[in-house]
Amino acid sequence: MSDVYALPPDLPVPEDDGACDGLVGKTIPSVVLESSQGAVDLAELAAERLVLYVYPRAGRTERLGWDAIPGARGCTPQSCAFRDHAAELRGLDALVAGVSAQSLAEQVRFAELNHMPFPIVSDERLRLRDALGFPTFEVDGDVLYKRVTVIAERGSIVKVFYPVFPPDHNAADVVAWLDERAVG
């Protein structure tokens, strides 16, 4: 069993397939989803500033070949990095939420185990894919989100990080972008 908190040094780098090219300027829809902190309306979270990171599957995957799929491995380190940068992000007036297609029970268990201070959202029906066009991939018969992080301000997406690699640096990249924007 591999350590879900560490990334192997030989992970394949995902390529930009253009799947997120049209996201900037889109409005975060009023989609109510269940999370580790109860029901959340993503439009309400994005009313001021929201960092929404979308990932395939956190925790133990138990999937053969998971490390060989570009962009699949690293959800737990990515989430933990956002947890570790949560105070900085709050200081930049940003709310944070993580989303995957995992079940609510899996999301709650993951959030509790890793002490996530923000909502870990379950989107089993892939409503964000349908509403915004977030990219997905299929593995072992499951449709999962590709890793993408968006920053929304006043309801609209203003920045897209895609592909996200390495995933454990994504939170620091978001903080740096927001810091630069605050100064500029």
Side-chain angles (χ1 to χ4, degrees), residues 1-17 19-20 23 33-37 40 42 45 50-86 88-89 94-129 132-151 159-175:
M1 183 66 49
S2 61
D3 178 4
V4 297
Y5 295 97
L7 295 174
D10 58 347
L11 279 180
V13 178
E15 293 185 21
D16 188 347
D17 58 5
C20 293
L23 288 177
L33 297 169
E34 291 298 324
S35 82
S36 59
Q37 297 183 0
V40 295
L42 295 179
L45 290 179
L50 173 65
V51 174
L52 183 67
Y53 71 98
V54 181
Y55 56 92
R57 179 177 295 276
R60 298 216 176 272
T61 62
E62 312 300 330
R63 294 176 185 277
L64 296 175
W66 190 248
D67 289 359
I69 301 169
R73 177 73 184 271
C75 303
T76 300
Q78 180 187 25
S79 292
C80 290
F82 274 105
R83 175 200 62 205
D84 296 346
H85 286 280
E88 285 174 274
L89 289 161
L95 298 176
V96 177
V99 177
S100 84
Q102 288 176 267
S103 72
L104 179 60
E106 290 174 301
Q107 298 292 65
V108 168
R109 186 170 43 253
F110 175 76
E112 289 173 352
L113 178 66
N114 292 284
H115 311 288
M116 294 296 156
F118 45 78
I120 300 297
V121 182
S122 173
D123 186 12
E124 287 184 275
R125 293 179 26 221
L126 303 168
R127 293 177 62 193
L128 289 176
R129 177 199 61 191
L132 290 170
F134 283 174
T136 59
F137 68 102
E138 188 172 334
V139 63
D140 294 340
D142 292 331
V143 178
L144 305 172
Y145 281 113
K146 288 185 178 182
R147 188 180 322 280
V148 60
T149 298
V150 299
I151 299 174
K159 175 68 175 164
V160 176
F161 294 84
Y162 180 83
V164 173
F165 193 84
D168 58 339
H169 292 188
N170 185 216
D173 293 341
V174 167
V175 168

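Note that the numbering runs from 1 along the sequence shown for the chain. Quantities reported herein were computed from a predicted structural model and do not represent experimental measurements.
For the pair L11/P166, no side-chain contact is recorded, criterion being any heavy-atom separation below 4.5 Å from C-beta on. In this structure the side chain of P135 reaches within 4.5 angstrom of the side chain of C20, judged on heavy atoms. V150 has its side chain out of reach of Y162: every pair of non-hydrogen atoms, C-beta onward, lies at least 4.5 Å apart. Side-chain atoms of F110 and C75, non-hydrogen and from C-beta on, never get closer than 4.5 Å to each other. The shortest distance between side-chain heavy atoms of I120 and N114 does not fall below 4.5 Å. The shortest distance between side-chain heavy atoms of L89 and F118 does not fall below 4.5 Å. Put simply, the side chain of V174 does not reach to within 4.5 Å of the side chain of V96, judged on heavy atoms.
The line from CD of E124 to CG of D142 is 10.0 Å long, rounded to the nearest 0.5 Å. For the atom pair L42 CG and L52 CG, the distance stands at 6.0 Å (nearest 0.5 Å). Between R57 atom CZ and S100 atom OG the span is 7.0 Å, to the nearest 0.5 Å. In this structure, CZ on F134 lies 5.5 Å from CG on L23, to the nearest 0.5 angstrom. Here the OG-CG distance, from S103 to D123, works out to 12.5 Å after rounding to the nearest 0.5 Å. We find the CE-CZ distance between M116 and R83 to be 5.0 Å, quoted to the nearest 0.5 Å.
Ring planes of F82 and Y53: parallel class, angle under 30° (limits at 30 and 60°).
By the 6.0 Å contact criterion, CD on E15 is open, its count of non-hydrogen atoms from other residues, nucleotides or ligands being 12 or less.
Between the side chain of Q107 and the backbone N or O of S36 there is no donor-acceptor pair closer than 3.5 Å. Between the side chain of Q102 and the main chain of A58, a donor-acceptor pair closer than 3.5 Å is present. Side chain of T149 to main chain of F161: no donor-acceptor pair is present (N/O by atom type, distance under 3.5 Å, no hydrogens or angles). Within the 3.5 Å criterion, the main-chain N or O of P56 finds no donor-acceptor partner in the side chain of R147.
Nearest approach of K146 to T136, heavy atoms of both residues: CE-O, 3.7 Å. Contact detail for A68 and P12: the closest heavy-atom pair is O-CG, 3.5 Å. Contact between S35 and V108 at its shortest, heavy atoms only, is O-CG2, 4.4 Å. Scanning both residues, A97 and L45, for their nearest heavy atoms gives CB-CD1, 4.2 Å. Of all heavy-atom pairs between F165 and P14, the closest is CD1-CD, 3.5 Å. The two atoms that bring L33 and S122 nearest to each other are CB-O, 3.8 Å, heavy atoms only.
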